[in-house]
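Have a look at the structure below, then the notes.
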Amino acid sequence: MLSGPFGVGKRTLAKLLCLSLFCLEAQAAPCGNCKACKRLDSETHPNLHVIRLNPGEKSIKIDQVREMLSQLKRYPLEQNRRAVILEDFDYFTPPAQNALLKAIEEPDEATVFVLTAVNEKAVLPTILSRCRLQRMPAWPDDVLEAFLTDKGLPAQTARDLITLASGSPGTALMLVDDEDFWQLKSKADSALSGLAELSGLPAASDLLKDYRQDASQLLDYLESRAHVVFSAASSQTHDPEEWLTASRKHREMLESIFAARRLRASNVTWQGITDHLLLNILEEQHSCHW
Ligand SMILES: [Zn+2]
(Lines give C-alpha, C1' and ligand atoms only; values in the text may rest on other atoms or scores of the structure.)
Protein backbone atom coordinates (compact mmCIF):
# COMPACT_ATOMS: atom_id res chain seq x y z
CA MET A 1 0.00 0.00 0.00
CA LEU A 2 1.23 3.42 -1.03
CA SER A 3 -0.21 6.14 1.15
CA GLY A 4 0.31 9.88 1.10
CA PRO A 5 -1.25 13.25 0.28
CA PHE A 6 -3.14 13.98 -2.93
CA GLY A 7 -0.94 14.37 -6.00
CA VAL A 8 2.26 13.16 -4.41
CA GLY A 9 2.85 10.40 -7.00
CA LYS A 10 1.08 7.31 -5.63
CA ARG A 11 -0.61 6.41 -8.92
CA THR A 12 2.61 7.00 -10.86
CA LEU A 13 4.63 4.80 -8.52
CA ALA A 14 1.97 2.07 -8.52
CA LYS A 15 2.14 1.99 -12.29
CA LEU A 16 5.95 2.01 -12.32
CA LEU A 17 5.96 -0.99 -9.97
CA CYS A 18 3.69 -2.84 -12.38
CA LEU A 19 5.77 -1.78 -15.40
CA SER A 20 8.84 -3.24 -13.75
CA LEU A 21 7.00 -6.55 -13.28
CA PHE A 22 5.78 -6.79 -16.87
CA CYS A 23 8.47 -5.03 -18.91
CA LEU A 24 9.97 -7.21 -21.66
CA GLU A 25 13.39 -5.54 -21.41
CA ALA A 26 14.83 -7.51 -18.52
CA GLN A 27 18.03 -5.43 -18.41
CA ALA A 28 16.34 -2.03 -18.42
CA ALA A 29 12.97 -2.60 -16.76
CA PRO A 30 10.83 -0.58 -16.74
CA CYS A 31 11.84 0.66 -20.18
CA GLY A 32 8.56 2.45 -20.91
CA ASN A 33 8.85 1.61 -24.61
CA CYS A 34 8.21 -2.10 -25.05
CA LYS A 35 4.80 -3.49 -25.94
CA ALA A 36 4.10 -4.53 -22.34
CA CYS A 37 5.05 -1.13 -20.92
CA LYS A 38 2.91 0.71 -23.45
CA ARG A 39 -0.12 -1.49 -22.84
CA LEU A 40 0.26 -1.13 -19.09
CA ASP A 41 0.64 2.60 -19.36
CA SER A 42 -2.57 2.89 -21.36
CA GLU A 43 -4.20 0.34 -18.99
CA THR A 44 -5.03 -1.99 -21.88
CA HIS A 45 -2.77 -4.84 -20.75
CA PRO A 46 -4.91 -7.98 -20.30
CA ASN A 47 -3.09 -8.91 -17.07
CA LEU A 48 -3.70 -5.57 -15.39
CA HIS A 49 -6.82 -4.78 -13.39
CA VAL A 50 -7.46 -1.32 -12.07
CA ILE A 51 -10.23 -0.19 -9.76
CA ARG A 52 -10.45 3.49 -8.91
CA LEU A 53 -13.10 5.98 -7.93
CA ASN A 54 -15.15 6.98 -10.99
CA PRO A 55 -15.79 10.70 -11.45
CA GLY A 56 -19.00 11.70 -9.71
CA GLU A 57 -19.10 8.62 -7.47
CA LYS A 58 -18.63 8.77 -3.72
CA SER A 59 -17.39 5.27 -2.99
CA ILE A 60 -16.23 1.99 -4.48
CA LYS A 61 -18.74 -0.76 -3.84
CA ILE A 62 -18.48 -4.46 -3.18
CA ASP A 63 -19.94 -5.28 -6.64
CA GLN A 64 -16.89 -3.77 -8.37
CA VAL A 65 -14.62 -5.87 -6.16
CA ARG A 66 -16.59 -9.09 -6.75
CA GLU A 67 -16.52 -8.51 -10.50
CA MET A 68 -12.72 -8.09 -10.41
CA LEU A 69 -12.23 -11.16 -8.21
CA SER A 70 -14.37 -13.30 -10.46
CA GLN A 71 -12.43 -12.11 -13.51
CA LEU A 72 -9.21 -13.13 -11.75
CA LYS A 73 -10.67 -16.58 -11.15
CA ARG A 74 -11.98 -16.93 -14.69
CA TYR A 75 -9.05 -16.33 -16.90
CA PRO A 76 -6.29 -18.91 -17.06
CA LEU A 77 -3.24 -18.46 -14.93
CA GLU A 78 -0.29 -18.49 -17.30
CA GLN A 79 3.26 -18.10 -16.20
CA ASN A 80 2.79 -14.38 -16.69
CA ARG A 81 2.16 -12.19 -13.74
CA ARG A 82 -1.03 -10.33 -13.03
CA ALA A 83 -1.31 -7.00 -11.30
CA VAL A 84 -4.27 -5.47 -9.55
CA ILE A 85 -4.12 -1.77 -8.76
CA LEU A 86 -6.68 -0.69 -6.17
CA GLU A 87 -6.58 3.10 -6.18
CA ASP A 88 -8.37 5.39 -3.74
CA PHE A 89 -8.59 2.48 -1.31
CA ASP A 90 -9.88 4.85 1.38
CA TYR A 91 -13.02 5.13 -0.78
CA PHE A 92 -13.68 1.38 -0.82
CA THR A 93 -16.70 0.73 1.42
CA PRO A 94 -16.00 -1.54 4.44
CA PRO A 95 -17.83 -4.48 2.77
CA ALA A 96 -15.78 -3.92 -0.40
CA GLN A 97 -12.57 -3.91 1.67
CA ASN A 98 -13.67 -7.02 3.55
CA ALA A 99 -14.36 -8.83 0.29
CA LEU A 100 -10.66 -8.40 -0.55
CA LEU A 101 -9.25 -9.72 2.72
CA LYS A 102 -8.66 -13.27 1.58
CA ALA A 103 -7.31 -12.32 -1.85
CA ILE A 104 -4.84 -9.87 -0.31
CA GLU A 105 -3.78 -12.22 2.46
CA GLU A 106 -3.19 -15.19 0.20
CA PRO A 107 -2.73 -14.00 -3.35
CA ASP A 108 -1.88 -16.71 -5.84
CA GLU A 109 1.77 -16.75 -6.81
CA ALA A 110 1.27 -14.77 -9.98
CA THR A 111 -0.84 -11.94 -8.65
CA VAL A 112 0.36 -8.71 -7.12
CA PHE A 113 -1.94 -6.20 -5.43
CA VAL A 114 -0.94 -2.53 -5.23
CA LEU A 115 -3.19 -0.30 -3.13
CA THR A 116 -3.12 3.47 -2.82
CA ALA A 117 -4.81 5.71 -0.26
CA VAL A 118 -4.70 9.27 1.00
CA ASN A 119 -6.35 8.57 4.33
CA GLU A 120 -5.03 5.46 6.09
CA LYS A 121 -7.66 5.88 8.80
CA ALA A 122 -10.34 4.94 6.27
CA VAL A 123 -8.64 1.62 5.61
CA LEU A 124 -9.67 -1.36 7.76
CA PRO A 125 -6.91 -2.41 10.19
CA THR A 126 -7.27 -5.96 8.89
CA ILE A 127 -6.31 -4.73 5.41
CA LEU A 128 -3.50 -2.49 6.64
CA SER A 129 -1.96 -5.32 8.65
CA ARG A 130 -1.81 -7.46 5.51
CA CYS A 131 -0.02 -4.81 3.45
CA ARG A 132 3.53 -3.68 3.23
CA LEU A 133 2.96 0.02 3.84
CA GLN A 134 5.02 2.63 2.05
CA ARG A 135 4.23 6.21 3.07
CA MET A 136 4.97 8.86 0.44
CA PRO A 137 5.65 12.27 1.98
CA ALA A 138 5.05 15.72 0.54
CA TRP A 139 7.93 16.80 -1.72
CA PRO A 140 10.58 19.21 -0.37
CA ASP A 141 10.42 22.65 -2.02
CA ASP A 142 13.72 22.33 -3.89
CA VAL A 143 12.81 18.94 -5.37
CA LEU A 144 9.39 20.22 -6.42
CA GLU A 145 10.94 23.34 -7.94
CA ALA A 146 13.40 21.25 -9.98
CA PHE A 147 10.52 19.04 -11.13
CA LEU A 148 8.42 22.03 -12.25
CA THR A 149 11.25 23.83 -14.05
CA ASP A 150 12.10 20.51 -15.77
CA LYS A 151 8.54 20.60 -17.08
CA GLY A 152 9.41 23.91 -18.73
CA LEU A 153 7.57 26.22 -16.35
CA PRO A 154 9.01 29.72 -15.82
CA ALA A 155 10.91 30.09 -12.54
CA GLN A 156 8.39 32.55 -11.04
CA THR A 157 5.44 30.29 -11.89
CA ALA A 158 7.30 27.36 -10.31
CA ARG A 159 7.88 29.38 -7.13
CA ASP A 160 4.22 30.49 -7.02
CA LEU A 161 3.13 26.88 -7.42
CA ILE A 162 5.46 25.61 -4.70
CA THR A 163 3.86 27.91 -2.17
CA LEU A 164 0.38 26.76 -3.20
CA ALA A 165 0.81 23.05 -3.78
CA SER A 166 1.87 21.92 -0.28
CA GLY A 167 4.53 19.60 -1.64
CA SER A 168 2.23 17.95 -4.16
CA PRO A 169 3.44 17.89 -7.78
CA GLY A 170 -0.01 16.66 -8.83
CA THR A 171 -1.67 19.69 -7.27
CA ALA A 172 0.94 22.00 -8.84
CA LEU A 173 0.37 20.57 -12.32
CA MET A 174 -3.40 20.73 -11.86
CA LEU A 175 -3.19 24.40 -10.85
CA VAL A 176 -1.00 25.33 -13.86
CA ASP A 177 -3.85 24.71 -16.26
CA ASP A 178 -6.62 25.98 -14.00
CA GLU A 179 -7.41 29.42 -15.41
CA ASP A 180 -10.20 29.91 -12.88
CA PHE A 181 -7.69 29.42 -10.09
CA TRP A 182 -5.23 32.03 -11.44
CA GLN A 183 -8.11 34.47 -11.80
CA LEU A 184 -9.17 33.76 -8.22
CA LYS A 185 -5.59 34.23 -7.03
CA SER A 186 -5.26 37.53 -8.88
CA LYS A 187 -8.53 38.88 -7.46
CA ALA A 188 -7.74 37.72 -3.92
CA ASP A 189 -4.24 39.26 -4.14
CA SER A 190 -5.75 42.55 -5.41
CA ALA A 191 -8.38 42.52 -2.68
CA LEU A 192 -5.74 42.07 0.03
CA SER A 193 -3.29 44.60 -1.40
CA GLY A 194 -6.10 47.17 -1.68
CA LEU A 195 -6.81 46.83 2.04
CA ALA A 196 -4.32 49.41 3.29
CA GLU A 197 -7.11 51.68 4.54
CA LEU A 198 -10.66 51.18 5.68
CA SER A 199 -11.73 53.10 2.56
CA GLY A 200 -10.37 50.21 0.47
CA LEU A 201 -12.80 47.75 2.02
CA PRO A 202 -15.76 48.19 -0.40
CA ALA A 203 -13.53 47.62 -3.46
CA ALA A 204 -11.90 44.58 -1.82
CA SER A 205 -15.31 43.22 -0.88
CA ASP A 206 -16.50 43.74 -4.45
CA LEU A 207 -13.58 41.67 -5.81
CA LEU A 208 -14.59 38.69 -3.67
CA LYS A 209 -18.34 38.89 -4.10
CA ASP A 210 -18.52 36.39 -6.99
CA TYR A 211 -16.68 33.64 -5.11
CA ARG A 212 -19.60 32.39 -3.05
CA GLN A 213 -19.71 29.13 -5.06
CA ASP A 214 -15.91 28.73 -4.88
CA ALA A 215 -15.62 29.83 -1.27
CA SER A 216 -13.62 26.72 -0.27
CA GLN A 217 -11.03 27.31 -2.97
CA LEU A 218 -10.78 31.00 -2.06
CA LEU A 219 -10.34 30.26 1.65
CA ASP A 220 -7.80 27.50 0.88
CA TYR A 221 -5.85 30.02 -1.19
CA LEU A 222 -5.93 32.63 1.59
CA GLU A 223 -4.75 30.00 4.05
CA SER A 224 -1.79 28.97 1.88
CA ARG A 225 -0.98 32.68 1.38
CA ALA A 226 -0.97 33.18 5.15
CA HIS A 227 1.54 30.31 5.52
CA VAL A 228 3.73 31.82 2.81
CA VAL A 229 3.70 35.27 4.39
CA PHE A 230 4.52 33.82 7.78
CA SER A 231 7.33 31.62 6.50
CA ALA A 232 8.83 34.60 4.61
CA ALA A 233 8.51 36.87 7.67
CA SER A 234 9.91 34.31 10.08
CA SER A 235 12.87 33.41 7.88
CA GLN A 236 13.85 37.08 7.46
CA THR A 237 14.03 37.94 11.13
CA HIS A 238 16.35 36.91 13.94
CA ASP A 239 14.54 39.10 16.43
CA PRO A 240 12.42 36.97 18.80
CA GLU A 241 9.94 39.85 19.26
CA GLU A 242 9.38 40.20 15.53
CA TRP A 243 9.09 36.46 15.16
CA LEU A 244 6.43 36.34 17.89
CA THR A 245 4.50 39.17 16.21
CA ALA A 246 4.57 37.37 12.86
CA SER A 247 3.52 34.16 14.56
CA ARG A 248 0.60 35.87 16.33
CA LYS A 249 -0.55 37.48 13.07
CA HIS A 250 -0.30 34.15 11.30
CA ARG A 251 -2.45 32.54 13.95
CA GLU A 252 -4.99 35.35 13.83
CA MET A 253 -5.20 35.13 10.06
CA LEU A 254 -5.83 31.38 10.28
CA GLU A 255 -8.45 31.97 12.95
CA SER A 256 -10.21 34.52 10.71
CA ILE A 257 -10.24 32.03 7.84
CA PHE A 258 -11.50 29.32 10.17
CA ALA A 259 -14.27 31.67 11.35
CA ALA A 260 -15.21 32.35 7.71
CA ARG A 261 -15.43 28.61 7.03
CA ARG A 262 -17.65 28.18 10.09
CA LEU A 263 -19.91 31.09 9.10
CA ARG A 264 -20.53 29.45 5.72
CA ALA A 265 -22.54 26.80 7.52
CA SER A 266 -24.75 29.50 9.08
CA ASN A 267 -27.29 31.93 7.64
CA VAL A 268 -24.76 34.73 7.22
CA THR A 269 -24.59 35.99 3.63
CA TRP A 270 -21.42 35.53 1.60
CA GLN A 271 -20.89 39.30 1.60
CA GLY A 272 -21.26 39.35 5.38
CA ILE A 273 -18.65 36.60 5.64
CA THR A 274 -16.12 38.28 3.33
CA ASP A 275 -16.60 41.70 4.99
CA HIS A 276 -16.00 40.13 8.40
CA LEU A 277 -12.88 38.40 7.09
CA LEU A 278 -11.56 41.53 5.35
CA LEU A 279 -12.13 43.65 8.47
CA ASN A 280 -10.13 41.16 10.51
CA ILE A 281 -7.31 41.30 7.99
CA LEU A 282 -7.47 45.12 7.88
CA GLU A 283 -6.94 45.22 11.62
CA GLU A 284 -3.67 43.37 11.10
CA GLN A 285 -2.44 45.56 8.23
CA HIS A 286 -0.53 48.18 10.15
CA SER A 287 2.52 46.19 11.09
CA CYS A 288 2.47 43.30 8.67
CA HIS A 289 1.85 43.09 4.92
CA TRP A 290 -0.64 40.33 4.40
ZN1 LIG B 1 9.26 -2.16 -21.06
Could you check if a side-chain atom of [X] sits within less than 4.5 angstrom of a side-chain atom of [Y], using non-hydrogen atoms only?
X      : Y      : value
Leu86  : Met68  : yes
Lys249 : Val229 : no
Arg11  : Glu87  : yes

* To do: Considering only NZ, NE, NH1 and NH2 on the basic side and carboxylate oxygens on the acidic side, decide whether Glu255 and Arg248 come within less than 4.0 Å.
  =>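 Salt bridge between Glu255 and Arg248, a charged N being under 4.0 Å from a carboxylate O: no.
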* Asked: Are Lys10 and Asp88 within salt-bridge range, i.e. N to O under 4.0 Å?
  ->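 Salt bridge absent between Lys10 and Asp88.
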* Asked: Who passes side chain to side chain contact (heavy atoms under 4.5 Å, CB included) against Pro107, sequence neighbours left out?
  ->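 Testing Pro107 for side chain to side chain contact (heavy atoms under 4.5 Å, CB included), a comparison that skips the adjacent residues, returns Phe113.
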* Set of residues satisfying side chain to side chain contact (heavy atoms under 4.5 Å, CB included) with respect to Ala96, sequence neighbours excluded ->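 Ala96 satisfies side chain to side chain contact (heavy atoms under 4.5 Å, CB included) with Ile62, Val65, Phe92, Thr93 once adjacent residues are dropped.
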* **For Val84, the option from Val112, Leu100, Thr111 that meets side-chain contact (heavy atoms from CB on, under 4.5 Å)** =>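 So the option named by the test is Thr111.
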Scan [range] for pairs that pass ring pair (Phe, Tyr, Trp, His ring centres under 6.0 Å), counting only residues two or more places apart or in two chains.
range            : value
residues 259-280 : none
residues 136-155 : Trp139-Phe147
residues 3-48    : Phe22-His45

Would you give the length of the straight line joining atom [atom1] of [X] to atom [atom2] of [Y], rounded to the nearest 0.5 angstrom?
X      : Y      : atom1 : atom2 : value
Glu67  : Lys61  : CD    : NZ    : 15.5 Å
Leu40  : Cys34  : CG    : SG    : 8.0 Å
Leu218 : Asp210 : CG    : CG    : 11.0 Å
Thr171 : Leu164 : OG1   : CG    : 10.0 Å
Leu24  : Cys37  : CG    : SG    : 7.0 Å
Leu2   : Thr116 : CG    : OG1   : 7.0 Å

* To do: Determine, using the 4.5 Å side-chain heavy-atom cutoff (strictly less than), whether Phe258 and Met253 are members of one ILVMFWY cluster.
  =>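 The answer is no; the residues belong to distinct hydrophobic clusters.
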* Asked: Does one hydrophobic cluster hold both Leu279 and Leu207, with members joined at side-chain heavy-atom distances below 4.5 Å?
  ->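 Leu279 does not cluster with Leu207.
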Sorted by first residue and then second, give each salt bridge (charged side-chain N to carboxylate O under 4.0 Å, His left out) pair with at least one member in [range]; sequence neighbours left out.
range            : result
residues 197-208 : Asp206-Lys209
residues 162-180 : none
residues 30-41   : none

* Plane angle bin for Tyr221 and Phe181 - parallel if under 30°, tilted between 30 and 60°, otherwise perpendicular ->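 Phe181 and Tyr221: perpendicular rings.
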Please check this pair: side chain of [X] against backbone of [Y], looking for a donor-acceptor N/O pair closer than 3.5 Å.
X     : Y      : result
Asn47 : Arg81  : yes
Glu25 : Cys31  : no
Asp90 : Val118 : yes

* With Gln271, which residues qualify under side chain to side chain donor-acceptor pair (under 3.5 Å), at least two apart? ->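 Residues passing side chain to side chain donor-acceptor pair (under 3.5 Å) with Gln271: Ser205.
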* To do: Can you sort out the partners of Gln156 under side chain to side chain donor-acceptor pair (under 3.5 Å), two or more places apart, ordered by chain and number?
  =>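 Side chain to side chain donor-acceptor pair (under 3.5 Å) list for Gln156, sorted by chain: Arg159, Asp160.
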* If you measure only the distance, is there a donor-acceptor pair under 3.5 Å linking the side chains of Ser168 and Ser166? ->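 Looking only at side-chain atoms, Ser166 and Ser168 do not form any donor-acceptor pair under 3.5 Å.
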* Crowded around Tyr91 OH? As in, over 12 foreign heavy atoms under 6.0 Å? ->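 It does not: Tyr91 OH has 12 such atoms or fewer within range.
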* What pairs of residues pass the side chain to side chain donor-acceptor pair (under 3.5 Å) test when at least one of them lies in residues 117-131, not counting sequence neighbours? ->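 Matches after skipping sequence neighbours: Ser3-Glu120, Glu105-Arg130, Glu120-Arg135.
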* Asked: What are the two closest non-hydrogen atoms of Gln64 and Ser59, and how far apart are they?
  ->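 Reported closest heavy-atom pair: OE1-O, 4.4 Å.
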* Grab the two heavy atoms, one from Ser20 and one from Ala29, that are nearest each other, plus how far apart they are. =>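 So the two residues come closest at O-CB, 4.1 Å.
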* To do: Output all residues satisfying salt bridge (charged side-chain N to carboxylate O under 4.0 Å, His left out) with Glu43, sequence neighbours left out; order by chain, then residue number.
  =>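 Applying salt bridge (charged side-chain N to carboxylate O under 4.0 Å, His left out) to Glu43 gives Lys15, Arg52.
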* To do: Evaluate salt bridge (Lys or Arg N to Asp or Glu O under 4.0 Å) for Glu223 paired with Arg261, printing each intermediate quantity in order.
  => CA-CA 11 Å; Glu223 186 175 329; Arg261 287 206 174 97; 3.0 Å; yes
